[in-house]
Amino acid sequence: MDIRIERIAKTFDRYPALNDISLDIRSGELVALLGPSGSGKTTLLRLIAGLEQPSAGRVWFGAEDASSLTIQERNVGFVFQHYALFKHMTVLDNIGFGLRVRPSGRRPAKAEIRRRAEALLDLVQLSDLGRRFPAQLSGGQRQRVALARALAIEPRVLLLDEPFGALDAKVRKDLRRWLREIHDRTGHTTVFVTHDQEEAMELADRVVVMSNGRIEQVGSADEIYDAPASPFVFSFIGASNALPIRIAGGQALLDGTVLDLPPLAERDGEARLYLRPHDLAVVDAGEGTIIGTVAAVRRTSGHRLVELAIGSAGDRVEVEVPASRAVSAGEQLAVKPLRWRIYRDTNAQALAA
Amino acid sequence: MAADVALSVPAAEEAPFGDVRSAARPAKPWRPPTDETPVVRRTLIGIALVFLGFVLFLPLVAVFVEALRGGVALYWAAITEPDALAAVQLTLLVAVIAVPVNLVFGVAAAWAIAKYEFRGKSLLTTLIDLPFSVSPVISGLVFVLLFGAQGFFGPWLQSTGVQIIFAVPGLVLATLFVTFPFVARELIPLMQEQGTGDEEAALSLGASGWQAFRLVTLPNVKWALLYGVLLCNARAMGEFGAVSVVSGHIRGLTNTMPLHVEILYNEYAFSAAFAVASLLALLSLVTLAAKSILEWRYAQDIAATRGRGH
Amino acid sequence: MVAAALSGPFRKPSILPGFGLTLGLTLAWLGTIVLIPLAALVLKSAGLGWEAFGTLVTDPRTISALKLSFGAALVAATINLVFGLLLAWVLVRYRFPGRRLIDAFIDLPFALPTAVAGIALTALYAPNGWIGQFLAPLGIKVAYTPLGVVVALVFVSLPFIVRTVEPVLAEIDREVEEAAASLGANRRQTVFGVVLPTLMPALLTGYALALARAVGEYGSVIFIAGNIPYVSEIAPLLIVIRLEEFNYAGATAVAAVMLAISFVMLLVINLIQAWSRRRFGDGR
């Protein structure tokens, strides 16, 4: 089932949460809604589910306009951030709930409900825990039960709100891989919300980066990392540095000196140069290099992170250097950008983190 | 911006579908899936208000209306008559003794229970709550069995000339019994939730145990303490069953206000009975108001777990 | 668990001073004011001997008073189970003018002296009273009948269920109800299948508290009940009557039975909460 979001807007008490959002999600796709808190990603997910009503716009499930359907009629599987398991029911009763509440015409027989619940329990690898109550399960196990419960109603789409948000790092990694496997086996169109860029990039076919109620970029992990469409995306995904530059006659000037970059097809004016720490190479000082004073050196597992103070304003830039290279504070260091992005300053002011 | 954001919607598909749907299903106002329909909501609110009106509001109104039925002059006479004044005095005396005593005890109990882990703690907590589960009549009876003429200590008391039952000490004892848990049960959950970190910090900074209590613990629980005192006082002044058993109903001597109300009522002096009752009703309204103000302004400082009745 | 608790030290070490003082004070005071007096009652009734005790307790007037106290308390607590839940629901879930005032008003039965409540209810429900005069032509007598006892007990036990359910209801995560809706449950199925079962421990606790209070209630009942032996005479009143007759044995026997009932109720409340903690992982 493909989902089409058509010019959706949502306003809460006159505060806009979503601004004219349009998005196509293909059948069978696994899509991540990624953004900081307040970006509107959870609101968008809840609008797809029918837990909220859009102020404007429509949601289509395939050829059907889902906008006018209640949540019950939409038949979506929704997995809540805190699982929202029914704590007075056993695991099996939780999973079978969606089938038990069907109108009598469509309700499977008791034995059939049980059989299906048990099959789903097998799918989420909790076969022996059917008689337990949610309070007797670990966080990861609860998450699996919540997923099984959502799958039990044979949903048209599967929606997950911060599915791993409340779990610790190790469980989170395992469940991530496992969710991908389940998705590949069941083939549901799946949308999940996350604020963790690694999670989004590792798990999703496509990532929707959101900020301030707008979509900043939609693309594969490669696209959003290697070709970020905005300074926001650049700085939100991965580590980043930004330096103020001026563009004049196709050349980039940092603090008055021309940088050794290929000619730019940009208008003259203020702009910002965005760099990733690992896209800077230490070189011999020379024309066009960026020269700075080492302000701090930190050892990380694979390399050293050097913090350079650049120019008269002392702008800080982080550079990744091999662990084998000794660097000490106060030393002068010259670096050369290997890859970069330039964004106009007006944007950067508003969006750079 | 993003290349994948697609706006294209097949026109041929959209038009008929959208139109058919909107025609077949007139847009009813959307309501969140966790809300009831307005009709259900209004009906429930209506039933609740009617029920409260009959069960709580009318009786309260009745007290004041019946009290003033004979006119203001009669009302004034009823509450300034010597026996009534004696009852007011006695009620105040009992409360003035019972509340501070239970305050000290309540704080001590809360400190012992909330700040330490020891065996039998939950049993102790249950025992402190015990007076709530005992009929007020039994609360009075036990003191008659101990100190009455035929009681365990009766003969000994008679020989020493001390009278407890049918005298003020009996009233105080019965009141202490029924108001025993109020302060402790307000403090215990709150102090348990606050833990011992603040006090330990105070000790590590050189405070003595008493200083830690006075400067750290007490300010942390002051509103809950006031809350407990308020409830304790209301019960101390309003207690009927327990004091009725130990009082002997001696006019002017062992009649508290609630007992005075009873006597007047049984003598068919209804207006006078309601007049004195209206004073108690006023007291309860003041208590409710003070309690609510505390709850609204200091909710976090009062309640760790609100919920069980009193 | 038990073995560990028994073999472990009496208390965990703590650097906070005052344990001995405060615990000592607590135990001394608890003993003096509560435990020794209650022990006197137990001793006294034990001193009666089984046979005498049996005769006193099986006295028809005692039996009928206990039946009335317990029966009326059951009816009143059940009425409040329904209306208390309704009130808690309305006060927690809906916003309407005066809600906070009404919420504060719920505690009136805790604050209003029972004798005052008793005469006020009688003024309302006596055959010539505010409400009674409209019921009398219909042949409904409230005051001076067992029905009057129920009315008084509904009044005094009302706050227990509201106040036990309110905080639990307020804490129920809306996500749980949204989850039920997303799984296809309509509002009725969600409320009865998900919300109410979650409230069950709180409802049971409140019910037991209301029942315990109502069984022992005295002040508000004696004015409206009419106190006709075998008809509208409650057990606490019978204790008072026996005392006034200087029949201490009779008073003690009835009191002992009621005390036993209180203990059972207390036990039941604790069991409900322990069960709820085990199953749901919290105290409710």
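Chain letters run A, B, ... following the sequence lines, proteins first, then strands; residues in each count from 1. Atom set for the values below is all heavy atoms of this structure, side chains included, hydrogens, waters and symmetry mates excluded.
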Original post:
Can you say whether B:F57 sits under 4.5 Å from chain C via the side chain, the backbone, both, or neither, judging by heavy atoms?
Top reply: both
Subject >> Minimal non-hydrogen separation, B:W111 against C:P17, with atom names >> reply: NE1-O, 3.4 Å
Subject >> Portion of B:R42 that has a non-hydrogen atom of chain C nearer than 4.5 angstrom >> reply: neither
Subject >> Segment of C:T190 engaging chain B (4.5 angstrom heavy-atom cut-off) >> reply: neither
Subject >> Partner chain B: residue of C:F105, C:F155, C:Y125, C:F263 with the largest heavy-atom pair count (under 4.5 Å) >> reply: C:F105
Original post:
Side chain, backbone, both or neither: which part of C:W29 has a non-hydrogen atom closer than 4.5 Å to chain B?
Top reply: both
Subject >> Contact origin within B:I47 toward chain C - heavy atom pairs under 4.5 Å >> reply: both
Original post:
Based on non-hydrogen pairs under 4.5 Å, which of B:T37, B:V276, B:L52 is most in contact with chain C?
Top reply: B:L52
Original post:
Can you say whether B:F51 sits under 4.5 Å from chain C via the side chain, the backbone, both, or neither, judging by heavy atoms?
Top reply: side chain
**OP:** I would like to know whether B:F182 and B:F132 meet ring-ring contact (aromatic ring centres under 6.0 Å, His included); could you show each step before the answer?
**Re:** CA-CA 9 Å; B:F182 279 97; B:F132 279 144; 5.0 Å; yes
**OP:** Go through the atoms of C:L27 and report whether side chain, backbone, both or neither lie under 4.5 Å from a heavy atom of chain B.
**Re:** side chain
Subject >> Salt-bridge present (C:E178, C:R174; N to O < 4.0 Å) >> reply: no
Original post:
Do you know which of B:L127, B:L259, B:T196 has the most heavy-atom pairs under 4.5 Å to chain C?
Top reply: B:L127
Original post:
In terms of heavy-atom pairs under 4.5 Å, which option from B:Q150, B:K115, B:E66 contacts chain C the most?
Top reply: B:Q150
**OP:** Would you please name every residue forming a salt bridge (charged side-chain N to carboxylate O under 4.0 Å, His left out) with B:E117, sequence neighbours left out?
**Re:** B:K121
**OP:** Determine the option with the most heavy-atom pairs under 4.5 angstrom with chain B, choosing from C:V254, C:D103, C:L43, C:I106.
**Re:** C:I106
Original post:
Can you say whether B:S244 sits under 4.5 Å from chain C via the side chain, the backbone, both, or neither, judging by heavy atoms?
Top reply: side chain
Original post:
C:A152: what forms a side chain to side chain contact (heavy atoms under 4.5 Å, CB included) with it, not counting sequence neighbours?
Top reply: C:L121, C:S220, C:V221, C:I224
Subject >> Residue part contacting chain B, namely of C:R99, when any heavy atom lies under 4.5 Å >> reply: neither
Original post:
Of the backbone (N, CA, C, O) and the side chain (C-beta and beyond), which part of C:I161 lies under 4.5 Å from a heavy atom of chain B, both, or neither?
Top reply: neither
Original post:
Which bit of C:V195 comes within less than 4.5 Å of chain B, counting heavy atoms only: side chain, backbone, both or neither?
Top reply: neither
Original post:
So which of C:F96, C:W89, C:F246, C:F19 has the biggest tally of heavy-atom pairs under 4.5 Å with chain B?
Top reply: C:F19
Original post:
If you count heavy-atom pairs under 4.5 Å between each of B:S122, B:A109, B:A149, B:P131 and chain C, which one has the most?
Top reply: B:A109
**OP:** Output yes when C:E177 and C:R187 qualify as a salt bridge under the 4.0 Å nitrogen-oxygen rule, no when they do not.
**Re:** yes
**OP:** Tell me, out of B:V63, B:T287, B:L203, B:V245, who's got the most heavy-atom pairs with chain C below 4.5 Å.
**Re:** B:L203
Original post:
In terms of heavy-atom proximity below 4.5 Å to chain B, should C:L112 be classed as side chain, backbone, both, or neither?
Top reply: both
Subject >> Nearest heavy-atom neighbours spanning B:P59 and C:L124 >> reply: N-CD1, 3.6 Å
**OP:** Identify which of B:V134, B:L130, B:V261 forms the greatest number of heavy-atom pairs closer than 4.5 Å to chain C.
**Re:** B:L130
Subject >> Donor-acceptor pair between B:E239 and B:T179 side chains, under 3.5 angstrom >> reply: no
**OP:** Could you tell me whether B:D35 and C:R93 have a side-chain N and a carboxylate O separated by less than 4.0 Å?
**Re:** no
Subject >> Residue part contacting chain B, namely of C:A104, when any heavy atom lies under 4.5 Å >> reply: both
**OP:** Under 4.5 Å heavy-atom distance to chain C, tell me which part of B:L176 shows up: side chain, backbone, both or neither.
**Re:** both
**OP:** Measure centre to centre between the rings of C:F110 and C:F160, then say whether the value is under 6.0 Å.
**Re:** yes
**OP:** Below 4.5 Å from any heavy atom of chain C, which atoms of B:F54 appear? Answer side chain, backbone, both or neither.
**Re:** both
Subject >> Heavy-atom proximity to chain B below 4.5 Å, by part of C:L91 >> reply: neither
Original post:
With only heavy atoms counted, which part of B:I45 is less than 4.5 Å from chain C, the side chain, the backbone, both or neither?
Top reply: both
**OP:** Return the option, out of C:T252, C:T26, C:L158, with the maximum number of heavy-atom pairs under 4.5 Å with chain B.
**Re:** C:T26
**OP:** Can you label the angle between the B:F240 ring and the C:Y218 ring as parallel, tilted or perpendicular, going by 30° and 60°?
**Re:** parallel
Original post:
Of the backbone (N, CA, C, O) and the side chain (C-beta and beyond), which part of C:A181 lies under 4.5 Å from a heavy atom of chain B, both, or neither?
Top reply: side chain
**OP:** Pick one of side chain, backbone, both or neither for B:I113, based on which atoms fall under 4.5 Å of a heavy atom in chain C.
**Re:** neither
